[in-house]
Amino acid sequence: MRLLGKLRLAAAACLFGANLAAADTTVKWLHIEANPAQVKIWEEVARSYEASHPGVKVEMQFLENEAYKAKLPTILQSKDRPNIIYSWAGGVLKTQIEAGVLDDITDQVKGYSDSLTPAALAAFTSGGRVYGLPTALSQVGFLCNKELMAKAKVEPGAIKSWDDLLAAVKTLKAAGVTPIVVGGADKWPLHFYWTHLAVRIGGKPAFDAALRGENGGFAGETFQKSGELFKQLVDLQPFQNGFLGFKNPQAVGYFGDGKAAMTLAISTVYHLQRALAADKTGLSEDKICWFDFPVVSGGKGAPTDTLGGITGWLITKGSPKEAVDFLKYFVSKDVQTRLAAANFIIPVVQGADAGLNNSFMKLIAANLAKSNYHQNFYDQSLGPSVGRVVNDVTAEIAGGSMSPQDAAKAIEAAWKQGN
């Protein structure tokens, strides 16, 4: 009996130990957020989740934007890969699904996903299956410095057309003001010009037709003309000296330091410029302004069409169930309302937009609400290999080493090769 008792105790101890081991779970979360104020909230949310889920640890890891893009394919093949990764959706997400490196989380988010903006959730859905959760919407447009614009007597609200923008650049230069700062070394900030011009010139029908290979595909008239108009701007030398050597964080900081009148940027730069400015203060709300990307004469795109991101998070293959559970906790109405109230995001959880209390963020939210065509970034939407070509050739146009016609042909060739 004593032996039997000892065996029972040993078995109980083993079972108890196994339960303890099972409860000790680490969720590795890889992000690219460079704004410490936003990361601080994220950390608080992670600690709050840990407190209510004993035995679960959320480990935050950071990689700079470009390093993340470059290293992610290798990271995803590692046995020690993170469980939650950042995503811009689009073709890159499609490639990752095809590579089998993501978990299908459809069943785990059933019911919960009803609380999300349908268009945002759709960006992380493929073949009716959900592979990630959206977290924020953004719009690309021109952030501007009120004081520098006023110095040159340029009225931001009057810049409605592409010709208006070109005229503003000339006026700013004549007044001794650097018109536009851009992170040309990263290339993708330059693709905003070419892409947004295509949105204005051809609208959604032109993009959809190019995907089908119609009207010359991406070598067609819409895309050649977008390059030609971009070259009009480039020929005015609107950017800061050495712009092709500037990384995007450096360019954002340059704008925050008050050294350029404008930057074509994602709406989140409104706050990021403060964190990246030399004094960590940047431009205050009363010194910063915004205008939508100008329309193109004769363009078929609607003025309300937007370019921007639908960003979110993916769960990698073989991750513990706690990874999805934490992600649902993170992309919840309470947390989204808190991030919206701090003016960090345009939320995707229904009802969380009540947290928006800033006129700029409300403006972006209103723009997105009335947009019938929200184009995801081409370098994400078209997949990694074609996206890389889009960024490369846009930088080549900006540097004067490729014609708009050859750039459009290169993109079409890359699209054909991959499809």
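One-based numbering along the sequence shown.
Proximity of I411 to F223: side-chain heavy atoms (C-beta onward) are nowhere separated by under 4.5 Å. S138 has its side chain out of reach of T311: every pair of non-hydrogen atoms, C-beta onward, lies at least 4.5 Å apart. Residues L166 and L233 form a side-chain contact, since some pair of their non-hydrogen atoms from C-beta on lies under 4.5 Å apart. No side-chain heavy atom of L327 sits under 4.5 Å from any side-chain heavy atom of V109. In this structure, L102 and L93 have side chains that are in contact, with non-hydrogen atoms separated by less than 4.5 Å. By the 4.5 Å heavy-atom criterion applied to side chains, L30 and R81 are not counted as neighbours. Two residues are said to be in side-chain contact when any heavy atoms from C-beta on lie closer than 4.5 Å; N83 and I315 fail this criterion. Looking only at side-chain heavy atoms (C-beta outward), V199 and Y373 come within less than 4.5 Å of each other.
Evaluated for a side chain to side chain donor-acceptor pair (under 3.5 Å) with S371, the options T306, T304, D305 yield exactly one hit, T306. Each of K247, K69, H191 was compared with D186 under the side chain to side chain donor-acceptor pair (under 3.5 Å) criterion, and only K247 meets it. Paired with Y86 under the rule side-chain contact (heavy atoms from CB on, under 4.5 Å), one option of L72, I32, L63 passes, and it is I32. No option in F291, Y270, F192 other than F291 meets the ring-ring contact (aromatic ring centres under 6.0 Å, His included) test with F142.
Outside the 6.0 Å centre-distance limit, the rings of F124 and W313 are not counted as a close aromatic pair. Between W194 and Y378, the distance separating the two ring centers is shorter than 6.0 angstrom.
When atom types are taken as modelled, the side chain of T117 and the backbone of A119 share no donor-acceptor pair closer than 3.5 angstrom. Between the side chain of T222 and the backbone N or O of A198 there is no donor-acceptor pair closer than 3.5 Å.
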Assess whether salt bridge (Lys or Arg N to Asp or Glu O under 4.0 Å) is satisfied between R47 and E43, documenting all intermediate values.
-> CA-CA 6 Å; R47 302 296 82 83; E43 287 175 340; 5.7 Å; no
Could you please spell out the steps behind the salt bridge (Lys or Arg N to Asp or Glu O under 4.0 Å) verdict for D208 and R212?
-> CA-CA 7 Å; D208 290 345; R212 296 190 297 267; 5.2 Å; no
May I have the step-by-step check of side-chain contact (heavy atoms from CB on, under 4.5 Å) for V349 and V335, ending in yes or no?
-> CA-CA 10 Å; V349 175; V335 175; over 6 Å; no
For K259 and V181, run side-chain contact (heavy atoms from CB on, under 4.5 Å): C-alpha distance rounded to whole Å, both residues' side-chain angles, the deciding distance at 0.1 Å, then the answer.
-> CA-CA 8 Å; K259 294 180 178 178; V181 61; over 6 Å; no
L236 and K170: side-chain contact (heavy atoms from CB on, under 4.5 Å), yes or no, with the steps?
-> CA-CA 7 Å; L236 297 178; K170 293 175 186 175; 3.7 Å; yes
Derivation and outcome, side-chain contact (heavy atoms from CB on, under 4.5 Å), residues S381 and Q375 | CA-CA 8 Å; S381 185; Q375 174 59 54; 3.7 Å; yes
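Q224 and A408 make their closest contact through CG-CB, 3.8 Å (heavy atoms, listed as atom of the first residue, atom of the second, distance). Nearest approach of A123 to A89, heavy atoms of both residues: O-CB, 3.4 Å. In terms of heavy atoms, L116 sits closest to Y112 at CD2-OH, 4.0 Å. The two residues T106 and G128 have their closest heavy-atom pair at CG2-O, 4.4 Å. Heavy atoms only, all atoms of each residue included: P179 and P238 are closest at CD-O, 3.2 Å. Between V252 and Q273 the shortest heavy-atom distance is CG1-CA, 3.5 Å.
Heavy-atom neighbours of E221 CD from other residues, nucleotides or ligands within 6.0 Å: at or below the threshold of 12. Remark: K280 NZ is packed, more than 12 non-hydrogen atoms of other residues, nucleotides or ligands lying under 6.0 Å away. The number of heavy atoms from other shown groups lying within 6.0 Å of CG (N372) does not exceed 12. K321 NZ: 12 or fewer foreign heavy atoms inside a 6.0 Å radius. The 12-atom threshold is not exceeded at CG of N241, counting heavy atoms of other residues, nucleotides or ligands nearer than 6.0 Å.
K151 and E147 are not joined by a salt bridge, as no carboxylate oxygen comes within less than 4.0 angstrom of a charged side-chain nitrogen. A salt bridge does not link D325 with K328: every distance from a Lys NZ or Arg NE/NH1/NH2 to an Asp or Glu carboxylate oxygen is 4.0 Å or more.
Screening residues 238-269 for ring-ring contact (aromatic ring centres under 6.0 Å, His included), with sequence neighbours left out, gives Y193-F239, F239-F243, F246-Y254.
A donor and an acceptor atom, one from each side chain of D292 and N367, are located under 3.5 Å apart. When only modelled atom types and interatomic distance are considered, D334 and T337 share no side-chain donor-acceptor pair under 3.5 Å. D103 and Q108 share no donor-acceptor pair across their side chains, judged by distance under 3.5 Å alone.
Annotation: side chain to side chain contact (heavy atoms under 4.5 Å, CB included) contacts of E155 (sequence neighbours excluded): A158.
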